[in-house]
Visitor: 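Just dropping this structure here.
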Amino acid sequence: MMRLVGLVILMVCMGINPPKRIRAQIDTTYLAESYRLVRSPAPGEVAHFQIIRLGETLDGQGHITIRTRSAGSFSTEVLYVNEDGSWMDRYTWSSFFSGRSTSVSDSIVQVEITAVRDFTYDLLSSDRFSLPPVPIGGLAKTPDTYAFFVLTWDAAAFMQAATPQPGYPIRNLSKVGDRISETTPRKPAQFNFTPTVSKFVYKRGPFSTTFTGMTRVSDIPCALLHFESGANALSLRFSSDRMQTGLSGSEWIQGTLSIGLETRRIMAGTMRNMLVAPQTTTLPGKTIQSPIVFRQNITIEQVPKE
């Protein structure tokens, strides 16, 4: 004990302080700063994106029965800006690939759906439909082209989560911790894709979005947003060969967005969807009823011009 006291006295005399508990220095200044996350677009602005959707279908026992993968590349161009601040975007898809597997162990072989090349449509930023009104155009109504339209809706969901709309005041997200919720209900959406999909009705629940923190994407400083929906009602009838499948259930959505602090554009995003529904399958001579779960994981990122 005397030796320890003597050592401390010697260290003090030599100008050496005894060791102290190390405290981490955390920079929290960004928590108090105010940020502007909504861009003011100009006509002619163009951005390029890649989007990937991975899907799994599970039976009532939780076993994966079908796995799917869709991937596409598209660009958005601002056509014009209205006096109220809303704007019209033109979406142009340069490629779309789709594939599926009925085995958990087998890899998914994707095939390019060439009919989708150069497919275009225009969407208004203030649109309030539960699913954006993407025109079918001259595309053949097949399971692959239906998968394409599902991916177009995913892309729009990302864009809408970062866009001010009636009843969705994203401009109020200026500091870490801020949270907003949609107050204007979305209009139900109907989609006629007979003979592949018919009686399709979708009603999206209100979104809530929170400014959760800061991150970097490709070394670019970004604001990190978390969004989630209430229960979204979905019903449809799917036809293939001699079988018809009808379902009516609820879907939940959770996702994140990284918004560039300078460009105020989406740099990257992830979205997870889960649909739970009772399913009725009609085959020649019999009808089967069973619960079913669909899980999807979707990612999007902004990329350089192709």
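These numbers come from a predicted model, not from an experiment. Reckoned from all heavy atoms, side chains included, excluding hydrogens, waters and symmetry mates.
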Visitor: Counting only N and O atoms by type, is there a donor-acceptor contact under 3.5 Å from the side chain of Tyr168 to the main-chain atoms of Ala161?
Guide: yes

Visitor: Are Arg204 and Glu251 within salt-bridge range, i.e. N to O under 4.0 Å?
Guide: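 Salt bridge: no.
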
Visitor: Below 4.5 Å, heavy atoms only, C-beta onward: do Phe97 and Val116 meet side chain to side chain?
Guide: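 Not touching, per the 4.5 Å side-chain cut-off.
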
Visitor: Rounded to the nearest 0.5 Å, how far does CD of Gln289 lie from OG1 of Thr287?
Guide: 7.5 Å

Visitor: Does Asp59 reach the main-chain N or O of Gln61 with its side chain, forming a donor-acceptor pair under 3.5 Å?
Guide: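 Between the backbone of Gln61 and the side chain of Asp59 there is a qualifying donor-acceptor contact (under 3.5 Å).
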
Visitor: For the backbone of Thr163 and the side chain of Gln165, can you confirm whether one donor and one acceptor N or O come within less than 3.5 Å of each other?
Guide: yes

Visitor: State yes or no: do Ile52 and Ile113 share one hydrophobic cluster built from I, L, V, M, F, W and Y residues joined by side-chain heavy-atom distances below 4.5 Å, directly or via other members?
Guide: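 Ile52 and Ile113: separate clusters.
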
Visitor: How many angstroms lie between CE in Met274 and CH2 in Trp252, if you round to the nearest 0.5 Å?
Guide: 6.5 Å

Visitor: Of all residues at least two apart in sequence or in a different chain, which pass the salt bridge (charged side-chain N to carboxylate O under 4.0 Å, His left out) check with Glu45?
Guide: Arg39, Arg265

Visitor: Is there a donor-acceptor pair under 3.5 Å between the side chain of Lys203 and the backbone N or O of Arg186?
Guide: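 Confirmed, Lys203 side chain pairs with Arg186 backbone.
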
Visitor: Hey, can you tell me if Phe74 and Phe49 have their rings parallel, tilted or perpendicular (30° and 60° cut-offs)?
Guide: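 Aromatic pair Phe74/Phe49 classed parallel.
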
Visitor: Donor-acceptor pair, Ser258 side chain versus Cys222 backbone, under 3.5 Å?
Guide: no

Visitor: Side chains of Thr256 and Thr270: any donor to acceptor distance under 3.5 Å?
Guide: yes

Visitor: Report yes or no: does Thr65 contribute a side-chain atom to a donor-acceptor pair with the main-chain N or O of Thr57 at less than 3.5 Å?
Guide: yes

Visitor: In a check of ring pair (Phe, Tyr, Trp, His ring centres under 6.0 Å) between Phe191 and each of Tyr202, Phe149, Phe129, which one passes?
Guide: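 Of the listed residues Tyr202, Phe149, Phe129, the ring pair (Phe, Tyr, Trp, His ring centres under 6.0 Å) partner of Phe191 is Phe149.
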
Visitor: Taking the side chain as every heavy atom from C-beta outward, state whether Arg53 and Asp154 have any atom pair closer than 4.5 Å.
Guide: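 In contact.
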
Visitor: Pick one: which of Gln296, Arg295, Arg67 meets side chain to side chain donor-acceptor pair (under 3.5 Å) with Glu56?
Guide: Arg295

Visitor: Does a side-chain N-to-carboxylate-O contact under 4.0 Å join Asp219 and Arg216?
Guide: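 So Asp219 pairs with Arg216 through a salt bridge.
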
Visitor: Okay, side chain of Arg264, backbone of Arg36: is any donor-acceptor separation there less than 3.5 Å?
Guide: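 Checking the backbone N and O of Arg36 against the side chain of Arg264, a donor-acceptor pair under 3.5 Å is found.
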
Visitor: Could you measure the distance from the NE2 atom of His48 to the OG atom of Ser94? Nearest 0.5 Å is fine.
Guide: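 Here the rounded value is 9.0 Å.
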
Visitor: So does Lys187 get a backbone contact from the side chain of Ser130, meaning a donor-acceptor N/O pair under 3.5 Å?
Guide: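 Present.
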
Visitor: Of Ile170, Asn172, Leu173, which is the lone residue that meets side chain to side chain contact (heavy atoms under 4.5 Å, CB included) with Thr209?
Guide: Leu173

Visitor: Checking the side chain of Ser229 only, and the main-chain atoms of Pro206 only, is there a donor and an acceptor separated by less than 3.5 Å?
Guide: no

Visitor: Can you measure from CE (Met243) to OG1 (Thr282) and round to the nearest 0.5 angstrom?
Guide: 9.5 Å

Visitor: Run the ring-ring contact (aromatic ring centres under 6.0 Å, His included) check on Phe148 and Phe119 step by step: do they pass?
Guide: CA-CA 11 Å; Phe148 167 69; Phe119 186 84; 5.5 Å; yes

Visitor: State whether the side chain of Asp178 and the backbone N or O of Lys175 hold a donor-acceptor pair below 3.5 Å, judged by distance alone.
Guide: yes

Visitor: If you look at every heavy atom in Asp144 and Phe96, which pair is closest and at what distance?
Guide: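 Heavy-atom minimum between the residues: O-CE2, 3.5 Å.
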
Visitor: What do you reckon, is CZ of Arg100 surrounded by more than 12 foreign heavy atoms closer than 6.0 Å?
Guide: no

